[in-house]
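One-based numbering, in listed order, for ligands and for the atoms of each. Position 1 is the first residue of the sequence, and the numbers go up from there. Just so we're clear, the structure is a prediction, and the values are computed from it rather than from any experiment.
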Amino acid sequence: MDKPFVAKLRRIDPYVPGEQPQSDTIIKLNANENPYPPAPGVQNVLRTFDAARLARYPDANGRALKSALAARFGLRPTQVFLGNGSDDVLALAFQSFFCSDLPIVYPDITYSFYPVWCDLFRIPYRTLPLDDDFCIDLRDYDAPNGGVIVPNPNAPTGRGLTLDALDDLLRHNTDCVVIIDEAYVDFGGQSAVPLLETYENLLIVQTMSKSRSLAGLRVGYALGSETLIDTLEAVKNSYNSYTMDTLTLAAAEAAVRDEDYFQQICRRVIATRERTAEALRALGFVVSPSQSNFLFVTHPRKDAPAIFAYLREQGIFVRYFKLPRIDTYLRITIGTDEQMDRLLDALRSYL
Ligand SMILES: *Cc1c(COP(=O)(O)O)cnc(C)c1O
């Protein structure tokens with residue numbers, strides 16, 4: 001029997017991230033990380049950082065990084081919010097903006113952290129089914145709701161919405177906050193940034209974990225109107241003034257300031273994705289069109305968990321979700337060309 005205090009503890013089913021095996025020999029295609037290192041300027045910051053600076057608290061407002069991001073997106077620094085990874089930013093945004101009695105809405109197949117936050121913050125929600133090709137039907141989003149969150153491109157499907165579609169979504173949802181989670185937008189998606197001018201209720205969340213190769217550093221940010229950003233700041237400053245540390249702020253700024261390197265590795269990931277998608281189709285896989293750094297695939301004659309297990313034995317980790325509608329699919333992160341060749345060889349042997 002549990003002691004009585006145990007009955008008073010919070011019970012919750014947490015989000016479970018992809019496995020992080022601590023081995024250099026495995027090919028890790030299970031967490032949508034970038035196979036390339038961060039911009040050279042990041043290494044330079046780490047090499048030259050003076051530890052004495054750590055004796056002081058960081059700039060709670062992250063002004064230098066906000067300026068760099070504002071310049072990158074053509075916004076004011078007051079339109080930028082910083083967080084400890086975009087999961088931190090999203091969790092704060094859920095708490096800050098989804099306070100209605102009406103349910104918030106999002107696709108039935110999507111980032112599996114959303115229901116966890118709804119549960120944690122006791123936010124009512126309703127999921128809206130994607131069609132059989134994993135596309136969003138925008139008309140589903142026309143009804144009154146407590147808020148909207150849509151990843152663009154969506155995860156784990158990789159499918160993206162056009163700027164016109166995003167504009168349509170915003171035009172029909174002006175009485176609530178609409179969050180577009182752009183974790184993968186740099187791999188060929190269409191960003192909602194141009195819509196910020198028109199829609200004060202639009203919050204765009206991006207991360208440096210994927211396209212900027214900084215998953216281990218934990219940097220995410222939101223872009224939006226001053227009204228939304230001020231609210232996020234107030235909520236953040238109500239639980240922890242210092243979410244971003246001095247070293248992270250400096251390294252992330254170096255990453256943002258190297259636009260050429262950023263463009264170059266995004267292009268490389270996209271080229272590898274297209275080549276891999278073609279090779280997988282030749283092997284009989286059905287591959288969803290992807291605008292992200294992963295492929296969502298299924299094989300009409302082979303069992304997804306069995307492929308997953310076989311690859312794992314070969315030291316190749318991909319992601320399998322035992323969830324309704326997608327339990328016959330695998331999500332495969334785009335690695336280097338060499339890594340994808342190893343994956344394709346393993347799949348050829350298996351089939
Ligand atoms: C990876 C991911 C995030 C979170 O990334 P962080 O590492 O916390 O910045 C958020 N949304 C989606 C859809 C993701 O796939």
Residues Lys66, Glu233; criterion salt bridge (charged side-chain N to carboxylate O under 4.0 Å, His left out); working and verdict: CA-CA 13 Å; Lys66 281 185 182 175; Glu233 294 288 355; 2.7 Å; yes
Close residues, ligand 1: non-hydrogen atom nearer than 4.0 Å: Gly85, Ser86, Asp87, Leu90, Tyr111, Asp181, Ala183, Tyr184, Thr207, Ser209, Lys210, Arg218
is_close_aromatic(Phe294, Tyr184), centroid dist under 6.0 Å: yes
Cation over ring face, Arg273 and Phe187, 6.0 Å, 45°: no
Ring geometry between Phe308 and Tyr320 (parallel below 30°, tilted from 30 to 60°, perpendicular above 60°): tilted
Audit row: Val89, Leu82, side-chain contact (heavy atoms from CB on, under 4.5 Å) steps and yes/no: CA-CA 7 Å; Val89 176; Leu82 303 173; over 6 Å; no
Note: Glu226-Arg76 ion pair, threshold 4.0 Å (strictly below): yes
